[in-house]
Visitor: 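My questions will all concern the structure given below.
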Amino acid sequence: MGFGKGHHLHLIDGSAFIFRAYHALPPLTRKSDGLPIGAVSGFCNMLHRYVEANTGADAPTHVAVIFDKGSHTFRNDMYDQYKANREEMPEDLRPQIPLTRRATEAFNIACKELEGYEADDIIATLAVQAREAGGRVTIISSDKDLMQLVGGGVEMLDAMKNTRIDREGVFEKFGVYPEHVVDVQALAGDSVDNVPGAPGIGIKTAALLINEYGSLEELLDRAEEIKQPKRRQTLIDHREQIELSKKLVTLDDKTPIDFTLDDLEVKEPDPEVLMPFLTEMEFRTLTKRLADQLGVEAPVIEATVQAPGDAPEEPETVPFDKATYTRVGDRDALQGWIEKINERGYVAVDTETTGLNEMIADLVGISLCVEAGEACYIPLTHRAESGEGLFGSDELAEGQMPLDEAIALLKPVLEDPAVLKIGQNMKYDAKIFARYGIDVAPIDDTMLISYAQHAGLHNHSMDSLSERYLGHTPIPIKPLLGSGKSAITFDKVKIEDAVAYAAEDADITLRLWQTLKPRLHVAGTTKVYERMERPLVPVLAQMERHGIKVDRDTLSRMSNAFAQKMAGLEAEIHELAGETFNVGSPKQLGEILFDKMGLEGGKKGKTGAYATGADVLEDLATTHDLPARVLDWRQLSKLKSTYTDSLQEHINPDTGRVHTSYSIAGANTGRLASTDPNLQNIPVRTEEGRRIREAFVAEPGNVLVSLDYSQIELRILAHIAGIDALKEAFRDGQDIHAATASEMFNVPLDEMTPDVRRQAKAINFGVIYGISGFGLARNLRIPRAEAQGFIDRYFERFPGIRDYMDATKSFAKEHLYVETLFGRKIHTPEIGAKGPRAGFAQRAAINAPIQGTAADIIRRAMIRMPDAIEGKPAKMLLQVHDELLFEVAEDGVDDLIATAREVMEGAADPAVKLDVPLIVDAGRGANWAEAH
DNA sequence: CCTGTCACG
DNA sequence: GACGTACGTGACAGGG
């Protein structure tokens, strides 16, 4: 007999249960592996309580838990801003979503969802069907959007407050009966779902109007009759928006569900299914309680003990074994993996490519891992082994699915907001995927998770993390690719070998994630990771992909000019030396200078060679021509080889631009590092070098705009050390070095000489670096005693600086790390060292919070920048520690400068309230030399 | 592969 | 009292 009179259907709003459970409980994790499990635990308890409470006379005959599915629904097609202001799902909730489905099934309760529809629509469909069949319906939810369904046997139940809502209850809430709820909602809008409604009209006014005119349509048709002029105009002006709002809030009660009410009949839980699930989740109390109630033996849950603090975990229970890795060669196999991934809610991903430069390298294959030891490799463009000839075959190897097909299948998962993609250095993989039209999100990155908790302790490469935390040495790539001239690219690797290598990388990545992610919390750097490391990945990927235009002809002309000058200098040098030798060889040069010419001051280093650094040559240059020529030659040689020659090699043939790569976890202090090429050390200090920046240009119709923080590290020092005199000088906008000099030497500002100012400037910088008399003496080329005198006077005038330095050193000694204002931790394991290393470690500890805080601030600015400049004709191209470089359409320059400056100057807010203002200077021009 | 040198903040 | 010493990076050339 089908559902009908006398039957009672309960419809549970699954998402509401999940969020309530998530927010009600602390972030519990599963003991054995650290999987976040709090929401699942709360969800199960709520289900259990629900079952217990519904066994009496009024028990339902049918029940289902309804979930949302997919983030894109028909409402997004109508209105792209629908629910656009929703906050992203919390990171630790995401992997729990699939588990709540399993929990529902484990309790033997029907669990329903439908792609492209919200849970509310399915609830509406079922409620209407049940009502028409003559049955009763209780919707267990407090969502006001569902109130339009109430009436004719349909009621709502707020499980938290245990209150039932009938027609009168709806009237209390909305001022209208259920049939007019959508009219009121259409007018009032909904800020939670981002439904616009009519501006200035809330629920009260909306109900008043609907009650007066009878319906929304009537109201809109007769809007002219409304007496209040403002209200009248609003309704006339926003008619379309109101009608759209009504469509958005109206539930679809005709969703194409593939089951009937009869499928939802209440069933007893099956202990054979429920117990194993609860055991797997390691819910001790609930397992025991339900075992008692169901009259079965409670299964034993191993009491695993989590390793304390930072001690390495117990060795992995699942050994690494390449035999467990599978090769995915066709559509069906890949679809199987995608199902597994969707079920899990997370997946470790790794790409194999033809090279290390992600702007050029092509995709060769993809590996996936969902569980320790369960990984696969999808070969895509491996070449067939060549029968003869020296060059590999151009033919594709057998047994690979077409690249396009794999991309099309994987795109929805890799872009699914409900599936977390885990990688080691995800920026690389994300850039590769971006070139194939996939925008990978959301992500986690094991390299950054490690960096956020262990900067300064060890590096964060997969090899060292695997050794350290998994006790496993990954398969080296060298034997597969060879080295030197005979090296091959990954597409020439035998697929069999590639499976073992690539799948293992994904396997390791997943295990590292399981091990390291829960420890972020222990280290207290979760916020650092989530707000300052991970969000930077897409921002940098975008900047790197965009690149900066570099004019080859300019560089080439400079190279030629440098070569000519160098040849001239070389001839002179040989002439002066009386013989020819390699000017570029410090060893040969040393012998010429100190042995042959017999100059004074030759010091041999630990290798036995004379030191010939710039400082040595500069001393000699006062009395001899040869070292002076060598200094000139060296400068030109540096400019030519490092810049004018090699930058040309880095111009990408496809884009005509230079694409650097930033390493996020490269510098211990939180700074970025730029490689291949390094665009953070383009010359600027000498006129000759600065001209290289003329080759960095904007596209026609655009200009380059440079914004840089003025004296950011000194400002941070003033704040952290609490130096009132410095803070005031900054607040008054004074020349800080002159102000320092005035304070130190009792010279009025208007009598300041450039030389006194220069000395104060050197001291200011010295302080940031952890000043020493020797270092300052060398920098200023003054006697050491004099330098020490300066430092003593400085500390006398600014005693807070010495206090800061002492406090930082003792903090480092006690904790073995120091911290930035934003909570970034930089470990200082050498702080207790004896001998010369002690000094190094102490100065690094003093410098790290200052340099690191500045790095944090510009990171925060960069993370906010894409949203701030969205829609503007501007692109962020480069970061140089305290500078951001943009390429901007000519008519958008002023706007960009205003916007970007606001973001940069406000980047510390609201996390940290600085006592000194942050000031950003701006410049613009056709090239980087002009803009800087 | 290591060292010295030098470019940047 | 002696010991070395400014902080953080990356690229290139020479030389084993």
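These numbers come from a predicted model, not from an experiment. Just so we're on the same page: letters track the sequence lines, and every chain starts at 1.
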Visitor: Side chains of T686(A) and Q635(A) only: does a donor on one sit below 3.5 Å from an acceptor on the other?
Guide: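 Yes, a side-chain donor-acceptor pair sits under 3.5 Å.
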Visitor: Base, sugar-phosphate, or nothing: which does D882(A) touch, judged by heavy atoms less than 4.0 Å apart?
Guide: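 Sugar-phosphate, backbone atoms only, no base.
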Visitor: Taking atom CZ of R691(A) as the centre, report whether more than 12 heavy atoms of other residues, nucleotides or ligands fall under 6.0 Å from it.
Guide: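 For R691(A), atom CZ is not crowded (no more than 12 foreign heavy atoms under 6.0 Å).
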Visitor: Under 3.5 Å, is there a donor-acceptor pair between the Y610(A) and D595(A) side chains?
Guide: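 Yes, side-chain donor-acceptor contact under 3.5 Å.
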Visitor: Report the distance from atom CD1 of I712(A) to atom P of dC8(B), rounded to the nearest whole Å.
Guide: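 To the nearest whole Å, that distance equals 20 Å.
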Visitor: What nucleotide among dT5(B), dG10(C), dA6(C) has an atom nearest to a side-chain atom of R634(A)?
Guide: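 Taking heavy atoms from C-beta onward, the closest nucleotide is dT5(B).
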Visitor: Once you round it to whole Å, what is the distance between P of dC8(B) and CG of L878(A)?
Guide: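 From L878(A) CG to dC8(B) P: 16 Å.
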Visitor: Regarding S661(A) and D676(A), is there a side-chain donor-to-acceptor distance under 3.5 Å anywhere?
Guide: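 No - no donor-acceptor pair under 3.5 Å links their side chains.
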Visitor: Using a 4.0 Å cut-off on heavy atoms, which residues in residues 611-623 of chain A reach DNA chain B? List them by number, or say none.
Guide: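 DNA chain B contact set from residues 611-623 of chain A: A611(A), T612(A), G613(A), A614(A).
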Visitor: Hey, what do you get for CG (D921(A)) to OH (Y709(A)), rounding to the nearest 0.5 Å?
Guide: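 Rounded to the nearest 0.5 Å, the CG-OH separation comes out at 12.0 Å.
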Visitor: Answer yes if the side chains of S706(A) and E883(A) hold a donor-acceptor pair under 3.5 Å, and no otherwise.
Guide: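 Looking only at side-chain atoms, E883(A) and S706(A) do form a donor-acceptor pair, the distance falling under 3.5 Å.
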Visitor: Ignoring hydrogens and angles, state whether a donor on the side chain of Q851(A) or T669(A) is under 3.5 Å from an acceptor on the partner side chain.
Guide: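 Yes, because at least one side-chain N or O of Q851(A) sits under 3.5 Å from a partner of the opposite role on T669(A).
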Visitor: Contact class for R784(A) (heavy atom, under 4.0 Å): base, sugar-phosphate, or nothing?
Guide: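 Touches a base.
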Visitor: Using a cut-off of strictly less than 4.0 Å between a heavy atom of the residue and any atom of DNA chain C, enumerate the qualifying residues of residues 766-775 of chain A by number.
Guide: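 Here the set is G766(A), Y769(A), I771(A), S772(A), F774(A).
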Visitor: Give me the residues of residues 795-809 of chain A where at least one heavy atom lies under 4.0 Å from an atom of DNA chain B, by number, or none.
Guide: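 Nucleic-acid contacts, sorted: none.
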Visitor: Taking atom P in both dT3(B) and dT5(C), what distance in whole Å separates the two?
Guide: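 The same atom, P, in both gives a distance of 15 Å.
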Visitor: What contact category does Y643(A) fall into here, base, sugar-phosphate, or nothing, at under 4.0 angstrom with non-hydrogen atoms?
Guide: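 Contact class for Y643(A): sugar-phosphate only.
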Visitor: Salt bridge check: are R793(A) and E796(A) linked by an N-O gap of less than 4.0 Å?
Guide: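 Looking at R793(A) and E796(A), the cut-off is not met.
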Visitor: Checking side-chain polar atoms at under 3.5 Å, does S461(A) have a donor or acceptor matched by the opposite partner on N459(A)?
Guide: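 The answer is yes; a qualifying pair exists.
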Visitor: Take atom C1' in dC6(B) and the same atom in dA2(C), then report the distance between them in whole Å.
Guide: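 Approximately 31 Å lies between the C1' atom of dC6(B) and that of dA2(C).
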Visitor: Phosphate oxygens OP1/OP2 of dT5(C): is one of them under 4.0 Å from a side-chain N or O of R778(A)?
Guide: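 R778(A) to dT5(C) OP1/OP2: no side-chain N or O under 4.0 Å.
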Visitor: Taking only side-chain nitrogens and oxygens of R843(A), does any of them come within less than 4.0 Å of OP1 or OP2 of dA6(C)?
Guide: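 Negative; the distance criterion is not met.
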Visitor: Nearest whole Å is fine: how far is dC6(B) P from I692(A) CD1?
Guide: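 My rounded result for the distance is 15 Å.
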Visitor: Does dC8(B) have OP1 or OP2 sitting under 4.0 Å from an N or O in the side chain of R685(A)?
Guide: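 Checking dC8(B) against R685(A), a side-chain N or O does come within under 4.0 Å of OP1 or OP2.
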Visitor: For S559(A), what residues pass the side-chain hydrogen bond (donor to acceptor under 3.5 Å, both in side chains) criterion, not counting sequence neighbours?
Guide: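 T644(A), D645(A).
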Visitor: Rounded to whole Å, how long is the line connecting atom CD of E713(A) with atom C1' of dT9(C)?
Guide: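 The distance from CD of E713(A) to C1' of dT9(C) comes to 13 Å, rounded to the nearest Å.
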Visitor: With P as the reference atom in both, quote the distance from dA7(B) to dG4(C) in angstrom, rounded to an integer.
Guide: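 So the two P atoms sit 28 Å from each other.
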Visitor: Do N560(A) and Q564(A) have a side chain donor and acceptor closer than 3.5 Å?
Guide: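 Looking only at side-chain atoms, Q564(A) and N560(A) do not form any donor-acceptor pair under 3.5 Å.
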Visitor: What does nucleotides 11-16 of chain C look like as a protein-contact string, B for base, S for sugar-phosphate only, - for none, at under 4.0 angstrom between heavy atoms?
Guide: BSSSS-
Visitor: Can you tell me the distance, in whole Å, between the CZ atom of F765(A) and the P atom of dG8(C)?
Guide: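 F765(A) atom CZ is separated from dG8(C) atom P by 16 Å.
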Visitor: Looking at dC6(B), dG8(C), dA6(C), which one has an atom nearest to any side-chain atom of N779(A)?
Guide: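 So the nucleotide nearest the side chain must be dA6(C).
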Visitor: Over all strands shown, is Q635(A) touching base, sugar-phosphate only, or nothing at heavy-atom distances under 4.0 angstrom?
Guide: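 Since only primed, P, OP1 and OP2 atoms lie under 4.0 Å of Q635(A), the category is sugar-phosphate.
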Visitor: Will you find, in the side chains of H659(A) and T655(A), an N or O donor that is under 3.5 Å from an N or O acceptor?
Guide: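 Side chains of H659(A) and T655(A): pair found under 3.5 Å.
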Visitor: Please tell me whether Y794(A) and N764(A) have a donor and an acceptor in their side chains that are separated by less than 3.5 angstrom.
Guide: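 Judged by distance alone, the side chains do pair up.
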Visitor: For a stem of at least 3 consecutive Watson-Crick or G-U pairs with distances under 3.5 Å, i pairing with j, i+1 with j-1 and so on, which stems involve DNA chain C?
Guide: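 Detected stem regions: B:1-9 with C:7-15.
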Visitor: Scan side-chain atoms only and decide if R784(A) and S772(A) contain a donor-acceptor pair under the 3.5 Å cut-off.
Guide: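 Absent: no donor and acceptor within the cut-off.
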Visitor: Looking at OH of Y451(A) and CG of N668(A), how far apart are the two atoms once the value is rounded to the nearest 0.5 Å?
Guide: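 So the gap between those two atoms works out to 6.5 Å.
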Visitor: Is a side-chain donor-acceptor pair under 3.5 Å present for N582(A) with S585(A)?
Guide: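 The criterion, which ignores hydrogens and geometry beyond distance, is not satisfied for N582(A) and S585(A).
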Visitor: Is NZ or CZ of K825(A) both nearer than 6.0 Å to the six-membered ring centre of Y817(A) and within 45° of the ring axis?
Guide: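 Geometry flag: set, cation within 6.0 Å and 45°.
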Visitor: Please report, rounded to the nearest Å, how far the C1' atom of dC3(C) is from the CZ atom of F840(A).
Guide: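 That distance rounds to 12 Å.
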Visitor: What interatomic distance, in whole Å, is found between P of dA6(C) and the corresponding atom of dT5(B)?
Guide: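 Here dT5(B) and dA6(C) have their P atoms 13 Å from each other.
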Visitor: If you look at every strand shown and take non-hydrogen atoms under 4.0 Å, does A762(A) touch a base, only sugar-phosphate, or nothing?
Guide: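 Base contact.
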Visitor: Verify the distance criterion only: is there a donor paired with an acceptor across the side chains of Q648(A) and S556(A) at less than 3.5 Å?
Guide: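 Their side chains do not contain a donor-acceptor pair, so the 3.5 Å distance test is not met.
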Visitor: Tell me what L679(A) touches on the nucleic acid: a base, only sugar-phosphate, or nothing, going by heavy atoms under 4.0 Å.
Guide: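 Nothing: the residue L679(A), judged by heavy atoms under 4.0 Å, touches no strand.
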Visitor: How many Å lie between CD on Q680(A) and P on dC8(B), as a whole number?
Guide: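 In whole Å, dC8(B) P lies 13 Å from Q680(A) CD.
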Visitor: Atom CD of Q711(A) and atom C1' of dG9(B): how far apart are they, to the nearest Å?
Guide: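 Answer to the nearest Å: 12 Å.
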